[in-house]
Amino acid sequence: MKPEISNHRRDFPMLTRKMHGQPLIYLDNGATTQKPLTVLNRMDQFYREEYATVRRGVYGLSQKATEACIASRETCRRFLNARSADEIVFTKGTTEAINLVAASYGRKFVQAGDEIIISEIEHHANIVPWQRLAEEKGAQLRIVPVNDQGELIFSAFEKLLSPKTRIVAIAHISNALGTIHPIREIIAMAHKAGAVVLIDGAQAAAHMNVDVRELDADFYCFSGHKTFGPTGIGVLYGKLALLTAMDPYQCGGDMIDEVRFEKTTFAPPPAKFEAGTPPIAQIIGLGEALRYIEAIGREQIAAYEHELLLYATEALRRIPGLKIIGEAHHKAAIISFIMDGVHPHDIGTILDSQGIAIRAGHHCAQPTMRRFGVPATARASFAFYNTREDIDELIKAVSSVRKVFGP
Amino acid sequence: MSNLDELYQEVILDHNRNPRNFRTIEGATNYAHGKNPLCGDDYEVYFNIDANGIIQDVGFQGAGCAISKSSASVMTTLVKQKTLAEALELAKTFHLLVTQDEVAAEIKTKAGKLKIFEGVKKFPVRVKCAMLAWRALEDALTSKDATHVVSTE
């Protein structure tokens, strides 16, 4: 294991604090990630020394702030390898990005009798917007099942695809189970059927290379706060032709071309989808976070986190009465597990008392829980700042659950 | 005793492993559904109340953490043969016990067996777990609407 990657742990002030008198071991990176000093400093500096509105000031400060936002958009373009920065729409996060596509693409192009395909193990944010759209339009939501390992059953997906398929919406990585879906193949097959594909990249963007052109994704979205950046900012990538054909999302300032009482014309993308004053500091903070990730290298991050995954999986499997939920062959560093006779919330409380933060619950993926016949799971999710020592502490703490609850 | 040992006392763990009155009651006179959607704890409580307002039978079903399940189980053991007013008073006592920093001596006396849950208040995020069954009890005994779902989140 290369030590130099986890050395970046020192960049994160939160990781030096204590929790209940113990050093904090943060293993809830699937929910949100901690922030490196460079992001904190950049946002602080912007608020202290550079703050002004964007796109509408003739004064120097506003021009500088506008340039910083343009630079961030360019960073996002490079991060996803999009063709043009005009294909990068800033949203509040992944959830808003999916809602935007459902509202602006879905309302315009989905009709009664059409079908929308999602997987059985999506996050609620990639289920409910489509469900609402389908109800509104009289379209059908189709569900691709997964096998007991949590892998998409590809033959079932093939069968569901038809000329009626309008949209395929699927996670790059399952937040509840860690499954990495074969999205390149999914996209290619969906395209053959004439559907557009949205990839929910919330769990992937900070953990592996994403190249939207190589994938040929129509839409790809992720959240700033899961990529070591601030909350309240996310990215929707959309192919320019699709964004151009879509209707606006929200209406207001900045998204117009010309407003007359008789008729308003709209700005081209991405401005068409960004009504109102944007979250300026968050946009700048996101750019800083993505440059920070690029400097470490996503291939190196992915390789390191995969080693953490293997190390943690092997150690957890040795604990009697513990079962890992989701054992896909291609898996990110997310491990969901249950223990005989102990509810995940009780595991979470016991680990917290030892300074270890994990998620316990349904992970906003109730259909996934139902598929695997559990009400909830405990979930440890890793980032490059975690170490084998963190995992050793996790294993000790999980073993101590048995001491509290008895054999 | 550490905070954790105080939370997960042996009696609580025993009720979690072997919940009492863990059954539905056919034709129950009173019923409520308690559910915390964010955490997923989900219980249904059933009561048979006679013409004199005495709880003759009580049962519960559902799934959740050790705190919510043992709290529901202990609740069922305490309210049988109690009047509606007595059961509702006990719910109030329980609420004070798990939320007040300084619990008055008379409340502790009234709480009796419920005192094993006092350690919950050192874990503020778990108070909602302990309260869920009692909130359902309040709903079952005071509301005629059996369709809505109560929550402590």
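The figures here come from the full heavy-atom set of this structure, side chains too, leaving out hydrogens, waters and symmetry mates. Note on naming: letters A, B, ... go to the chains in the order of the sequence lines (proteins, then strands), and numbering restarts at 1 for each one. Keep in mind that what you see is a predicted model, and the values were worked out from it rather than measured.
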Can [X] and [Y] be counted as having a side-chain donor-acceptor contact under 3.5 angstrom?
X: A/Asn29; Y: A/Tyr385; result: yes
X: B/Glu106; Y: B/Thr109; result: no
X: B/Ser151; Y: B/Asn36; result: yes

- Identify whether the distance between the nearest side-chain nitrogen and carboxylate oxygen of B/Glu89 and B/Lys82 falls below 4.0 Å.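 Salt bridge absent between B/Glu89 and B/Lys82.
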
- Query: Thinking salt bridges, do A/Glu393 and A/Lys396 make one under a 4.0 Å N-O criterion?
  - Reply: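 Salt bridge present between A/Glu393 and A/Lys396.
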
- Task: Pull out the residues in residues 335-347 of chain A that come under 4.5 Å of chain B, heavy atom to heavy atom, sorted by number.
- Result: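 Residues of residues 335-347 of chain A touching chain B at under 4.5 Å: A/Gly341, A/His343, A/His345, A/Asp346.
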
- Under 4.5 Å heavy-atom distance to chain A, tell me which part of B/Leu38 shows up: side chain, backbone, both or neither.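 For B/Leu38, backbone heavy atoms alone lie under 4.5 Å from chain A.
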
- Minimum heavy-atom separation for B/Asp42 to B/Leu132, with atom names?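 Distance-wise, the nearest heavy atoms are N-CD2, 4.5 Å.
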
